[in-house]
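What follows is one structure encoded as structure tokens, with my remarks underneath.
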Protein chains: 2
Amino acid sequence: MAQDRRTVIMEAAARLIARRGVRGLRIEELAAEAGVSNGLIYYHFKDRAGVLRATLEFINNRAERYTAEHVAAEHLADPRAVLEQTLLLEFQDTAEVRENSTAWGELRASAMFDVLLRADLAEATRVWDGEVADLIAAVLPAVPGDRALEAAQRLTALLEGLSGRWLSEGLTLDRARALILGAIDGELDALGRV
Amino acid sequence: MAQDRRTVIMEAAARLIARRGVRGLRIEELAAEAGVSNGLIYYHFKDRAGVLRATLEFINNRAERYTAEHVAAEHLADPRAVLEQTLLLEFQDTAEVRENSTAWGELRASAMFDVLLRADLAEATRVWDGEVADLIAAVLPAVPGDRALEAAQRLTALLEGLSGRWLSEGLTLDRARALILGAIDGELDALGRV
DNA sequence: GTCTATAGTATGATAGAC
DNA sequence: GTCTATCATACTATAGAC
């Protein structure tokens, strides 16, 4: 099916953000990448900030979708396997994952100086932390909610840190995967011992 | 002592980078912040990239100094206390720490799109990981080096992740401190059990 | 909805006086 | 070394035709 222009623009924005960063995103360049006119972008998104907001949401939805798809495709019954796969999914050398991770890192960095981005990013982070906490609770039902959330926040924050190092060539993919697996192991071990 | 203009400008640049980011640094605004003229900045630093290069070096030197000073000032007999304080040092709401953490985050983010930055950043990361691994080895001398380094990488990567969330207002300072302390606890526990 | 053309402005950089 | 004044351009955003 032919995609509507709005989606085409957001896909192009995701690619461009992965290549040049949020700071390097130019409306004119985005128009060229998407194969549309300059003006159309303003028609659909109002202004540059609107493009960024929509693209963040788009990337988020896409990430959720591929996570769900992947978990479903693998027929993962074991809750621990679901937890591991969900986090490992962020360390794959595919265009989509690279785009998502890069864009996420960029948005995080931009939010340090852009108050408007903060609310959306904080909310997305809250949801993501909650989902991981739920996965932990599925593995260890006896663990109190606040302890599960604490472990989840550490795992997702670690994931962001490792992702940043991977994308800046400070860490190999295999090493990043090993480190996150070790962290899951450690957190579950500690929680299980309570 | 009265500082020379060059230093005054770099100090002002550090403040502005913490407020607006590397990309948000405007020469005109920098001139106002430093209390000098527009042209003087070009006289001393040649161009915008020159300002950035000099300022990042300036910030790096300053960070090394305050870390060394702080660890020396607190009479730290207990190796574990040294490890905890070293990592907690990055979670303080002081201008210097904020400026340094912000600049580090900016550097990491920029390295994703700038190949030239990667080598320096990777080396700095390697040194930092090694120092933390040494601190872990001081707490638990029986632990093999590769296990200590693994734990160290997880802790420093987690620190970067938490730092990003703190600076983008996604996490309170207290929460970040609690999470990193919990991680130190978990890593040392796991290593001690081997 | 989509395009072309352009206005408005912010910003990096330079020239030249002192 | 330092300042004022100004140029050149890159970028966001809007207007108006189709």
Side-chain angles (χ1 to χ4, degrees), chain A residues 1-58 103 106-107 109-118 120, chain B residues 1-58 102-103 106-107 109-110 113-114 116-117:
Chain A
M1 79 191 150
Q3 310 246 18
D4 67 303
R5 305 282 225 210
R6 208 168 179 281
T7 305
V8 168
I9 293 170
M10 289 188 294
E11 283 171 348
R15 284 196 299 279
L16 233 39
I17 287 173
R19 273 214 295 283
R20 307 219 187 290
V22 163
R23 305 131 209 224
L25 183 71
R26 304 273 167 263
I27 298 297
E28 200 174 352
E29 196 178 7
L30 174 57
E33 174 80 17
V36 302
S37 73
N38 194 330
L40 191 62
I41 290 169
Y42 287 96
Y43 173 78
H44 281 300
F45 299 97
K46 180 174 159 53
D47 57 14
R48 190 177 178 280
V51 175
L52 290 179
R53 211 168 336 109
T55 303
L56 164 63
E57 200 185 325
F58 169 78
E106 273 294 288
L107 290 166
S110 300
M112 295 183 197
F113 319 107
D114 182 353
V115 185
L116 294 177
L117 276 175
R118 284 185 194 163
D120 289 331
Chain B
M1 72 189 156
Q3 310 246 19
D4 69 304
R5 303 281 225 214
R6 211 171 178 277
T7 305
V8 168
I9 292 170
M10 289 189 294
E11 282 171 349
R15 285 195 299 278
L16 278 180
I17 286 174
R19 275 214 293 283
R20 308 221 185 289
V22 165
R23 186 179 180 263
L25 184 71
R26 304 276 166 256
I27 299 298
E28 199 175 354
E29 196 177 9
L30 173 57
E33 175 80 18
V36 302
S37 73
N38 194 331
L40 190 63
I41 290 169
Y42 288 95
Y43 173 79
H44 279 299
F45 299 97
K46 178 174 160 55
D47 58 13
R48 189 178 177 280
V51 175
L52 251 31
R53 212 169 331 111
T55 303
L56 290 174
E57 195 185 330
F58 169 79
T102 304
E106 281 285 291
L107 209 59
S110 301
F113 316 105
D114 182 354
L116 295 177
L117 275 175

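The sequence lines fix the lettering, A, B, ..., with proteins before strands; numbering per chain opens at 1. Only heavy atoms go into these numbers, but all of them, side chains included; no hydrogens, no water, no symmetry mates.
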Mind calculating the distance between [atom1] ([X]) and [atom2] ([N]) to the nearest angstrom?
| X | N | atom1 | atom2 | result |
| --- | --- | --- | --- | --- |
| Arg48(B) | dA8(D) | CZ | P | 22 Å |
| Leu40(A) | dA15(D) | CG | C1' | 15 Å |
| Asn38(A) | dA10(D) | CG | C1' | 12 Å |
| Arg23(B) | dA10(C) | CZ | C1' | 12 Å |
| Ile27(A) | dT14(D) | CD1 | C1' | 13 Å |
| Ile41(A) | dT12(D) | CD1 | C1' | 11 Å |
| Leu52(A) | dT12(D) | CG | C1' | 13 Å |
| Glu28(B) | dA5(D) | CD | P | 13 Å |

For this session: Before accepting this row, confirm whether a basic side-chain N of the pair Glu106(A)/Arg23(A) lies closer than 4.0 Å to the acidic partner's carboxylate O.
Result: yes
Problem set entry | From Leu40(B) atom CG to Ile27(B) atom CD1, the distance as rounded to the nearest 0.5 Å |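 So the gap between those two atoms works out to 11.5 Å.
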Exercise. Donor-acceptor pair, Arg20(B) side chain versus Leu25(B) backbone, under 3.5 Å?
Worked result: no
Problem set entry | Intermediate values then yes/no, side-chain contact (heavy atoms from CB on, under 4.5 Å), Glu29(A) and Arg19(A) | CA-CA 12 Å; Glu29(A) 196 178 7; Arg19(A) 273 214 295 283; 5.7 Å; no
State which of [options] makes the closest approach to the side chain of [X].
| X | options | result |
| --- | --- | --- |
| Tyr42(B) | dT12(D), dG12(C), dC3(D) | dG12(C) |
| Arg5(B) | dT2(D), dA13(D), dG12(C) | dT2(D) |
| Ser37(B) | dT12(D), dT2(D), dG1(C) | dT2(D) |

Exercise. Looking only at side-chain N and O atoms, does Arg26(B) come under 4.0 Å of OP1 or OP2 in dG12(C)?
Worked result: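 For dG12(C), OP1/OP2 do have a side-chain N/O of Arg26(B) under 4.0 Å.
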Problem set entry | Phosphate-side-chain proximity, Tyr43(B) and dG1(D), N/O vs OP1/OP2 below 4.0 Å |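 Looking at the OP1 and OP2 atoms of dG1(D), one of them is under 4.0 Å from a side-chain N or O of Tyr43(B).
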Exercise. So which of Val51(B), Val36(B), Thr55(B) actually passes side chain to side chain contact (heavy atoms under 4.5 Å, CB included) with Leu30(B)?
Worked result: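 The side chain to side chain contact (heavy atoms under 4.5 Å, CB included) with Leu30(B) is passed solely by Val51(B) among Val51(B), Val36(B), Thr55(B).
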Exercise. Checking all strands, does Asp47(A) fall into the base, sugar-phosphate, or nothing category for heavy-atom contacts under 4.0 angstrom?
Worked result: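 Sugar-phosphate contact only - Asp47(A) comes under 4.0 Å of backbone atoms but never of a base.
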For this session: Answer with base, sugar-phosphate or nothing: what part of the nucleic acid does Leu25(B) contact at a heavy-atom distance below 4.0 Å?
Result: sugar-phosphate
